[in-house]
Amino acid sequence: MLEHLARKWSRKEKPTEAFELDVTGQIPKHVAVIMDGNGRWAKMRSLPRVAGHRAGMKTVKEIVKAADAIGIQYMTMYAFSTENWKRPREEVDFLMKLPQEFLSTELDELVERNVRICMVGSKDELPDHTLEALEKAEERTRDNTGLQLNFALNYGSRKEIVKAVAEIAARIQAGELEPEQLDEQVINRYLYTRDIPDPDLLIRTSGEIRLSNFMLWQLAYTELWFTDVLWPDFTQEHFYQAIAEYQGRARRYGAV
Ligand code: V0D
């Protein structure tokens, strides 16, 4: 079944070149995605930026389905950074309504697919209506055992690390933790990504070749994959191409 899907897509994407997703091969356990290029996509069409964000939301739905279909266990989508608050007020207000909009049409189906929804980031500055929708979705999917779908929202990696260090310092000062006990595992427990394994693959769309304060600690050993394709134009085929290239890299490591 999965093999059939992968072949079909590989034919559509590259009829002549050999691009084959090996569904019996190594599938990354955790894929993180920087969904860039929504504003540029809109500008190219003389549309308002928010039209790009809405188109980008459609892509999220498609890519989540594609990830689920090949048994990926964790997806982390960078939806809103701590820097994004500096954008125009109207754009921020629009963005903050997207989780509700997404969940109102998708949550039932995600529940059916056994998907678990989690938020990664600081809940502090989020508007009540956004937080309520998120927490309801987290609550309703808490016991699901399929794909874990993380939305990085109001997320900044350095802020996350500062928070972790401050909490650890407080534990030490309270005598609950000894400096000698500190190791990578302890640090992991104080990050937003506490119970999530490090990403195996990072995808960034829209041609920028940088991390932009996304999961700096967690990406230490991650394979990075960049494309010029803008997020609203990013398809399930592009996604499987990224996975196939990841498999190629994994095979080469395996060979040495
Ligand atoms: C805009 C492209 C889905 C990136 C995708 C609040 C920027 C569309 C969500 C979403 C955004 C978040 C949480 C959740 C369900 C859906 C989302 C934001 C922006 C920022 F539980 N897309 N999306 N959230 N964009």
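Ligands are counted one by one from 1 in listed order, and the atoms in each one are counted from 1 as well.
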Visitor: Please list the nearest protein heavy atom to atom 22 (N) of ligand 1 with its residue and the distance rounded to 0.1 Å.
Guide: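 Of the protein heavy atoms, Met57 CG, 3.8 Å lies nearest.
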
Visitor: Is the count of non-hydrogen atoms from other residues, nucleotides or ligands lying under 6.0 Å from Asp128 atom CG greater than 12?
Guide: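 Atom CG in Asp128 is not packed in, count stays at 12 or less.
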
Visitor: Would you please classify the geometry between the Tyr78 ring and the Tyr155 ring as parallel, tilted or perpendicular, with 30° and 60° separating the classes?
Guide: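 Because their plane-to-plane angle is over 60°, the rings of Tyr155 and Tyr78 count as perpendicular.
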
Visitor: What atoms of ligand 1 come within less than 4.0 Å of a heavy atom belonging to Val60?
Guide: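 Near Val60, meaning under 4.0 Å from one of its heavy atoms, ligand 1 has 5 (C).
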
Visitor: Considering Thr59, Leu98, Ile63, which one's heavy-atom position lies nearest to atom 11 (C) of ligand 1?
Guide: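 Residue with the shortest heavy-atom distance to the ligand atom: Leu98.
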
Visitor: I'd like to know whether NZ of Lys136 has more than 12 heavy-atom contacts from other residues, nucleotides or ligands below 6.0 angstrom.
Guide: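 Count not over threshold, so no.
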
Visitor: Considering the heavy atoms of Leu134, write down every atom of ligand 1 situated less than 4.0 Å from one of them.
Guide: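 By the 4.0 Å cutoff, the relevant atoms are 13 (C), 14 (C), 21 (F).
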
Visitor: Looking at atom 4 (C) of ligand 1, what's its closest protein heavy atom, distance included?
Guide: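 Answer for atom 4 (C) of ligand 1: Asn38 ND2, 3.6 Å.
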
Visitor: For a quick test of your reading: what N or O donor-acceptor pairs under 3.5 Å do the side chains of residues 173-184 make, sequence neighbours left out?
Guide:
residue	atom	partner	partner atom	Å
Glu176	OE1	Arg171	NE	2.7
Gln181	OE1	Glu178	N	2.7
Asp183	OD1	Gln185	N	3.2
Asp183	OD1	Val186	N	2.9

Visitor: Return the closest protein heavy atom for atom 14 (C) of ligand 1 as residue, atom name and distance.
Guide: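 Answer for atom 14 (C) of ligand 1: Phe151 CD1, 3.4 Å.
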
Visitor: So does Lys58 have more than 12 non-hydrogen atoms from other groups sitting under 6.0 Å from NZ?
Guide: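 12 or below, so no.
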
Visitor: Of the protein's non-hydrogen atoms, which lies at the shortest distance from atom 6 (C) of ligand 1, and what is that distance?
Guide: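 It is Leu95 O, 3.3 Å.
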
Visitor: Which residues pass the salt bridge (Lys or Arg N to Asp or Glu O under 4.0 Å) test with Lys163, not counting sequence neighbours?
Guide: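 Lys163 satisfies salt bridge (Lys or Arg N to Asp or Glu O under 4.0 Å) with Glu167 once adjacent residues are dropped.
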
Visitor: Between the candidates Gly56, Pro99, Ala79, which shows the shortest non-hydrogen contact distance to atom 7 (C) of ligand 1?
Guide: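 Comparing heavy atoms across Gly56, Pro99, Ala79, the nearest one to atom 7 (C) of ligand 1 lies in Ala79.
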
